[in-house]
Amino acid sequence: MSDTKNDNLDNKKPEPNYWKSFNDLYNDPNFLTSTHDEFKEETKEDFDPNKLSGLSRRKFIALLGASAALAGAGCSNYRDKGEIIPYNKKPEEIILGEPNFYASTCTSCANACGILIRTREGRPVKIDGNPDHPVNQGKICSKGHASILNLYNPERYKEPQKNRGGYFNAISWEKANNAILNELKKGEKEIALITGKIFSPTTKKLLEEFKAKYPTTKIYSFEMFDEAARNNAWRKSAGGNFFPLIKWDEAKIIVTLEGDFLGTEGHTVENQRLYAKGRDVNNINSFNRLYAIEGNMSITGMNADYRLRLNPAAQAEFVQLLISEVGGSKSINRNDFVRKYKINSKTLELLIKDLKANKGKAIVYAGNVLPEDVHIAVNHLNQVLGGNTLYRTDAAEVEQLPFSNKDELNGLISAINNNAIGAVIHIDTNPVYHFPKEYNYENILRKAPLVVTLTEVETETASLSNYILPLNHNYESWGDSQTRTGVVSLVQPVIAPLFNTRQKEAILLAWINQDAKKYSNDIYLNYLKKNWESNFFTSTGSGDFNNFWLTSLHDGIVFTNETAPSNGGNASASSGEMKFFDNKGMTLLIQEHPNLGDGSYANNGWMMELPHPVSKVTWDNYAAISLNTSKKLDVEIEDLIEVKVKNRTLELPVFIQPGIADDLVVIESGFGRTNAGTVGTGNGFDVNRLISVYDAGLSKFIYTGVQVRKTSGTYKLATTQEHHTFDEGYTKDQHKKRGIIREGTVNEYKNNPKFLKESKGIEQTSLYNLHAETRFSDVKWGMAIDLNKCLGCGECTVACNAENNVPVVGKDQVIKGREMHWLRIDRYYSGSPDEPNVSAQPMLCQHCDHAPCENVCPVAATTHSIDGLNQMVYNRCVGTRYCSNNCPFKVRRFNFYNFRSYFKDDYQMSDVFSLVFNPEVTVRSRGVMEKCTFCIQRIMKAREDAIQEGRAITGSEVKTACQEACVTGAITFGNIKDKESEVGQWKEHDLTYYVLEELNVRPNISYVAKLRNTHPEEV
Amino acid sequence: MNIDYAKELPVIEGNPNLIDIDNVIVKPIEEKANRKFFLALAVSGTALLIGVVCVAVTLFYGIGVWGNNQPVGWGFGIVNFVFWVGIGHAGTLISAILFLLRQKWRTGIARFAEAMTIFAVICAALFPVLHTGRPWLAGYLFPYPNQHGLWVNFTSPLIWDVFAVSTYFTVSLVFWYVGLIPDFAILRDRTEQKLKKTIYSILSLGWRHSHRQWQHYEKAYMLLAGFATPLVLSVHTIVSFDFAVSIIPGWHTTIFPPYFVAGAIFSGFAMVVTVLIFVRRVFHLEHIITLNHLEKMNKVIIATGLMVGYAYGMEFFTAWYSGVPAETFVFVNRAMGPYAWAYWIMISCNVLIPQLFWFKKIRRSILPMFIIVILVNVGMWFERFVIVVTSLSRDFLPSSWGYFKPTIFDLGILLGSFGLFFTLVIIFTKFLPVVSISEIKAVVEGSQPVHHQPTDGGTHAI
Amino acid sequence: MQSNTLFAVAAQFNEPNKLIKAVKIIADLGYKKWDVNTPYPVHGMDAAMKLKSSKLGYVTLFFGLSGTALALLLMWWTMSVDYPMIIGGKPFFALPAFIPVTFELTVLLATLATVIGMLSVFFNLPNNSHPLHDTNYMQRVSADHFGIYVEADDKKFNAEELRTLFLSLDAVQVDDIYVPLKEKYPILQPKFLVFLTIVFAVTSAITYFTLNYLLYMEPFDWMVSQAKVTPQEKVETFRDGFGMRQPVKGTVARGFLPYKFMGMPAPAESLVNPIIPTKETVELGKRKFLTFCSPCHGNFADGDSRLRGQFQNPPTLHSTRVREMNDGMIYHIITNGQNAMPSYAPQITREERWSIVNYIRVLQRAKNAEVTDVQKVKKEPVKNGQ
């Protein structure tokens, strides 16, 4: 401002009506005076140069310089501070230190959720859901959160590789493509294109073009876990190729049969969201009741109001029982059934009552692992229970490319065996691991003259192929996807390929063009745009395509005006004669692992170290059996057993899992990778050894008449929670006795909303003085966690790892009890080991007003901020660990090593890996204590914005990473002093309680007690 | 041997003349060290070296090489710290409290006990530094004006520790040194070699045995004793605050201060006896450090042992009486939980076995005495282990319960601390008079004048 | 190396009783400068020598109390004045928690003061060149004899008398003690000074090396350099070393739909100004204008560049052409650039660009304000700038 004044003096041409600012315009007197004598502040009349000190300015400067030089020479250190590299052409959208957001699509699994990628200076740093996406509505699963780690995996292939007899070395794309094209052009033998689930319309089109170009091509689409049984069943019972989605939010009674719709099956994100709508304590009358009839203890079972332990092989009989009971034809004797399977008759009684009472509002869901005939029966049962009222009509699944069925795959194998195959091309799949070992795929693969694998990282398959073509990660690629009617979503890259990689579509294009030289980075982009212009633009089009294209990219999604086709009307067809289970011998159940899925995420440290939601085991899978079974087999936890199905055997450790049906062994998939990079290799045991395609059991995943025997030796499992799962005596139900977990039933709450507060006298008077309160600013951060909505899945944990640079520590450290997760999900069992009640509780720093950790820190490295945060000052911490000792919640985490360098010698220290770290969060060194900060970096960002806009910061504008991640919205965060805000209201809620209240540490995280929706008639 | 406890025993058996006393006590210093000395030094030195290696590894790789984990943030580090501080209590107690109580028999053992105090505190002081995650920042623990403008948190028990331990060390060092001044003078006047003479002259601060010096000297000694007494009590009280001030069940108890102090004296005396048994044999001081001394100390041991036993019982009572589930749980868990073995070692070594001292025969015979005091030391180490580890391993939230397993490095450092302690002790016996010469002289029969005047001070002030 | 100036006459006795007797007599004779030397404190000597009791206690008391005060002051000042922090909801001055430290400091100061006081004040400083040292007398009294001596410069001193007196009290031995010759200590020799300087140099060198290099090696970690990538940092992973990447061509970030008319010199249509000129936005526009535009366009958009002809002057923005331009067009020029003017899109955010447009409008209006405007403004004062 000042220099404008000066200039104004220099070129004196102020015209009469020449105003410089509004103040001027409105003749503000102060302003006028200020404009008259410019140097008012600067000078005085009694200014006398002689009074100045003798030391001339020049001399002074000289001296100053000299002393500075001296000081510099003396005290400076010459360690290299690194060079500064600014943008030479700064992109418009990037402001240094400010994040950008790009809408894209997650391709980690077939659900293809819409995502919003946060980038900093053009580098992706965090993945979150795209709020505009109609299906996942701003949320994604833990795999999605963790996928960023795969992008920066230092072991990704950086160049195409050629197999020179066992060992690989890099060659150029051109050479590789030429070699492959030669084989393809021959074209008399079959070209087998093996791919995973295809959900991109454009990719599908591309594959068809490829097929057109090379007519001998056969496309095999394969995933280890598919919904074949369910879909075939639907085809049989209702016809039609569109399979119904369920209105979980409208169901009053949900019955799952060995089905984990909250954990692993279907579109879990959507399922969880819809299910949680029926778990809202503020809308108590819309509470749903969840019955889980299962042998395994799944996430769904964990959250069930009632659980029946039933051998999966008996499900067929059970469905028949229900049909007969509900349908009124008592064709099956309930008591016989109860006696045969020793299930809780009371619960069964209630279940049947409920089903009868709630026709039209009850849905039965059978798990993917169950055989086809059970599904048919279930469809029939649902029909009986009020038709398709609970089937969604607004949207339906879209299947781009159907999975190859068993026969096709067997065909492929025999084709390879008979040397009828010219080339096998694995497109981002890993059949060597995923195919049942029965196929002996790894050996017969040698018979194929050309094996090409398109992959990001080394896999069992890659290591057996002639050429390995490195793929872009999803966040380096273009693409689109459609899994639902009415919406198509786009994939756009957020960073140029880190290495010399290409995306699979581009590679296929090159092969179609039959020109190894011609390649440009946007080769597929152009193809994609062309396809969109011809297909999607016209379908919704208005305005010019470019505009449409850009806005679509911006939003990440496009709504097409296609309507959901009918899903074939009523599924009246009842299943034919079903073979019932004789209930003899052991049964084997193979389930999808809730964290690792089919094992494609085995090389992802975050997922590996994420505790299993139920058992809390990390880094391994195991044979889960019930306590009784363990006694029968006379095995302890961690003893090795051998599971034998026909001639297929697998040796693995035992884990005694409460709530599992007797005489049942449950093994989860995704482990036992032999060639999955540093992190993924050699954890757990490969369950594919037990799967058979030829002599199928009840289904691909259920086998009866299994022999199990104890072998010698034990195997250490790394759990983040000691297993006092079935402790009797003085350790039993401590969490209840100490008021850590406080629960009630819906009826209790209906009768007396205040029952919780009255149930346990809460210490109101305090020995402390109230200094703390008086010293807080008017924004005081706090969190409320609704245990009714928390499913215990652990997505929040992964999101927290990603946001806060939490290191992976490795199995041995987890065994020692040194895992670093800032946010953990505590899991408690109460009741008997056979019929346990499971309670999950997210536990993170409680940011107590009277924080015990602060008092004991000798160096004041942890203190309280005036907005109620319990702060951790990393630089000041000397690491006495006293704070952690004195923390009643044990949420503080100590860097016993520099885990980044400790874990798999320096794996996490590599240059590429360091790109994953959030620039806003300190990367802690060893010897430093750390803990949840309530994502203070986000609070600070919000505060900066508020200051910039010249307003006060409001509680609602900050979202913590865990809150953002929680699909069911169990976590709310904000200013607890603002009674109107959501969190403020939770604090007032009748069901709100604090953990270990009697300690009077005054936590700022409150929990909403879980209500179990028990049947009113239950005493 | 029949002793009539009615009349006070002569502090020194036989009636050596003053020169003999000089000769006996100064002998090890003036003579060349014999094989026994180097053997002992070799043994303790090896232990020390092992410790040093383990420490080096710890410093380089981090506390991770120890067994500590979540939730057991404090393992051997703090256990050893408390243990050694405890050992350190006997010395000042003997030299100060017994001095104020006019216990003549202390003269024989005071010097040695004080020396042990200092060495024990040195051992203890190492651990708080070593057990931190970033030991090179240990300076942060002292309130000095720094570029961060930050000060320490004076409400933290660890800061109290810093002050308590450093004060305790300084004061006992001063106390010890003041006691040594006249003896240095004696050495100075005995020796002929130039170098030794210079060193002793400097150390003796120009002491001339003149009575005008003795007068103030005695006054000062009295004052120091007067301060050391509350200090010694305060130090272990404050150490116990590390636990008592926290909120962890099993730590948060008001009984801790007296209980810890008693325990400290208990273990301290045990350690003194352990070492004295050797010293009096090796240096032929049986007539200066007599069986009566040892017996008296054994009596103290049994007394304090009973106090400790009482504390154990009382803890259970208060836990049960409080009705706090977590609190009661911890104590049941100690006796029955995964660490029951440690608990029962503690009980048997600290409460049951010392009861044998009720028998005079055992009190006065070396071998059983030796075995018992060793066991007492073991027991007291386990007491600290039980307090620190069991309480932490299973605190409020069952979800975060864990089990602490020490690693080779934990054990190595523990061994090393013993190595350091005994190395220092051995060096001490070689270069300094293990018994205060002037004090002994003052209590020899007929060393004091027979007074006739009423002006007689009458006090037997030593 | 003894001078022949007599220091004292000293006698040795072999029994404390004899000494006491002698002491009493000497004391009664009224000597002033004399003392006894005994291998251990002999009881009743104070009385015999007629000594007043020691004043050492007062020193202790004084420093003890000052220790207390110091501790409390320190803790009060640091915890509640200099750097107050909320710790565990405790008050800033939590007296109960301060007691232990207070106690320890009291004891510390008291004891140290006692000892130092004793040595300095009451022994008037250690003196190893005292005449008594290295005498046969000293050796005897420190072992098993009981000595007494009277100094020569005592008024009543008479060597002969004393000798006879002592012998009469059957002293074992009586001898004269002479003042030793003072020897010079070669402290300030040049050799020594050189030595000092070398020591200084070496130590400072070592300190420098330690502080700058040693302390930043493994295992020391100060978290100064962290694995994360901060803005403008170099990253080896990328071939070009740029830690900050360019977004992939053709991607669209949220809120950054590319500007339609980018690169067109004169687009047919143009955007509509989304920002209402409120006082805030215009002030923002003004700030940005003065930062980015004024160097060339002049502070009032007269085209009077402040670059003083180092760069060609742009035309004034008060020309009718510009005044008749619609906002969108001006925005286009700022965004896209024109003639010599480069695109300012990277430097100035979209909102700011629109605000600048608004401010330019204000300037234009100001330059050509009608009288009516002024009256209007006079009539109804502050009305958000428009």
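Throughout, protein chains are lettered first and strands after them, A, B, ... in sequence-line order, and every chain is numbered starting at 1.
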Hey, does A/P858 have a side-chain heavy atom less than 4.5 Å from the side chain of B/V152? no
Side chain / backbone / both / neither for A/N895 at chain B, heavy atoms under 4.5 Å: neither
Between B/D161 and chain A, which part of the residue has a heavy atom less than 4.5 Å away: side chain, backbone, both or neither? neither
Chain B contact via A/V891 - which portion, at a heavy-atom distance below 4.5 Å: neither
Non-hydrogen side-chain atoms of B/I247 and A/P888 separated by less than 4.5 Å: yes
Euclidean distance, B/N146 CG relative to A/R876 CZ, rounded to 0.5 Å: 5.5 Å
Heavy-atom contact with chain B under 4.5 Å, split by part of A/C883: neither
Under 4.5 Å from any heavy atom of chain A, what part of B/T407 do you find: side chain, backbone, both or neither? side chain
Considering all heavy atoms, the nearest B/H131-A/R881 contact: O-NH1, 2.8 Å
So do the side chains of A/V859 and B/L141 get within less than 4.5 Å of each other, counting heavy atoms only? yes
As an exercise: rank B/G62, B/G73, B/G337 by heavy-atom pairs under 4.5 Å with chain A and give me the winner. B/G73
So for B/W136, is it side chain, backbone, both, or neither that comes closer than 4.5 Å to the heavy atoms of chain A? side chain
Contact leader toward chain A among B/S391, B/A138, B/P325, B/A326, where contacts are heavy-atom pairs under 4.5 Å: B/A326
Select one option (side chain, backbone, both, neither) describing which atoms of A/R893 are under 4.5 Å from chain B's heavy atoms. both
Should the heavy atoms of other residues, nucleotides or ligands under 6.0 Å from CZ of B/F316 be counted, would the total exceed 12? yes
Distance, nearest 0.5 Å, that separates CZ of B/R134 from CE of A/M929: 12.0 Å
Among the options B/W160, B/F404, B/Y140, pick out the one with the most heavy-atom pairs lying under 4.5 Å from chain A. B/Y140
In terms of heavy-atom pairs under 4.5 Å with chain A, which of B/D242, B/V245, B/T328 leads? B/D242
Gap separating the CD atom of B/Q70 from the CZ atom of A/R818, nearest 0.5 angstrom: 9.5 Å
Is it true that atom CD1 of B/I408 has more than 12 heavy atoms of other residues, nucleotides or ligands lying nearer than 6.0 Å? no
Residue part contacting chain B, namely of A/F894, when any heavy atom lies under 4.5 Å: both
Contact part of B/V65 toward chain A, heavy-atom cut-off under 4.5 Å: side chain, backbone, both or neither? both
Given a strict heavy-atom distance threshold of 4.5 Å, which part of A/E854 is in contact with chain B: side chain, backbone, both, or neither? backbone
Drop me the distance from B/L397's CG to A/Q721's CD, to the nearest 0.5 angstrom. 9.5 Å
Under a 4.5 Å cutoff for heavy-atom pairs, which residue among A/C877, A/S901, A/S884 has the most contacts with chain B? A/C877
Min side-chain heavy-atom separation B/F396-A/H735 under 4.5 Å: no
Relative to chain A, which segment of B/H252 carries a heavy atom at a distance below 4.5 Å: side chain, backbone, both, or neither? neither
Atom pair OG (B/S399) and CD1 (A/I740), whose distance is rounded to the nearest 0.5 Å: 7.0 Å
Structural part of B/Y403 lying under 4.5 Å from a heavy atom of chain A: both
Output for pair (B/N68 CG, A/K816 NZ), nearest 0.5 Å, gives 9.0 Å
I'd like to check A/N885 versus B/W251 (side-chain heavy atoms, cut-off strictly below 4.5 Å). Are they in contact? yes
Would you say that B/F329 contacts A/K737 through its side chain, given a criterion of any heavy-atom pair below 4.5 Å between the two side chains? no
Do the side chains of A/N886 and B/I248 get nearer than 4.5 Å, heavy atoms only? yes
Could you tell me whether A/R926 sits above the aromatic face of B/Y61, with NZ or CZ closer than 6.0 angstrom to the six-membered ring centre and within 45 degrees of the axis? no
Aromatic centroids of B/W74 and A/Y882 separated by under 6.0 Å: yes
For A/K904, does the NZ atom have more than 12 heavy-atom neighbours from other residues, nucleotides or ligands under 6.0 Å away? yes
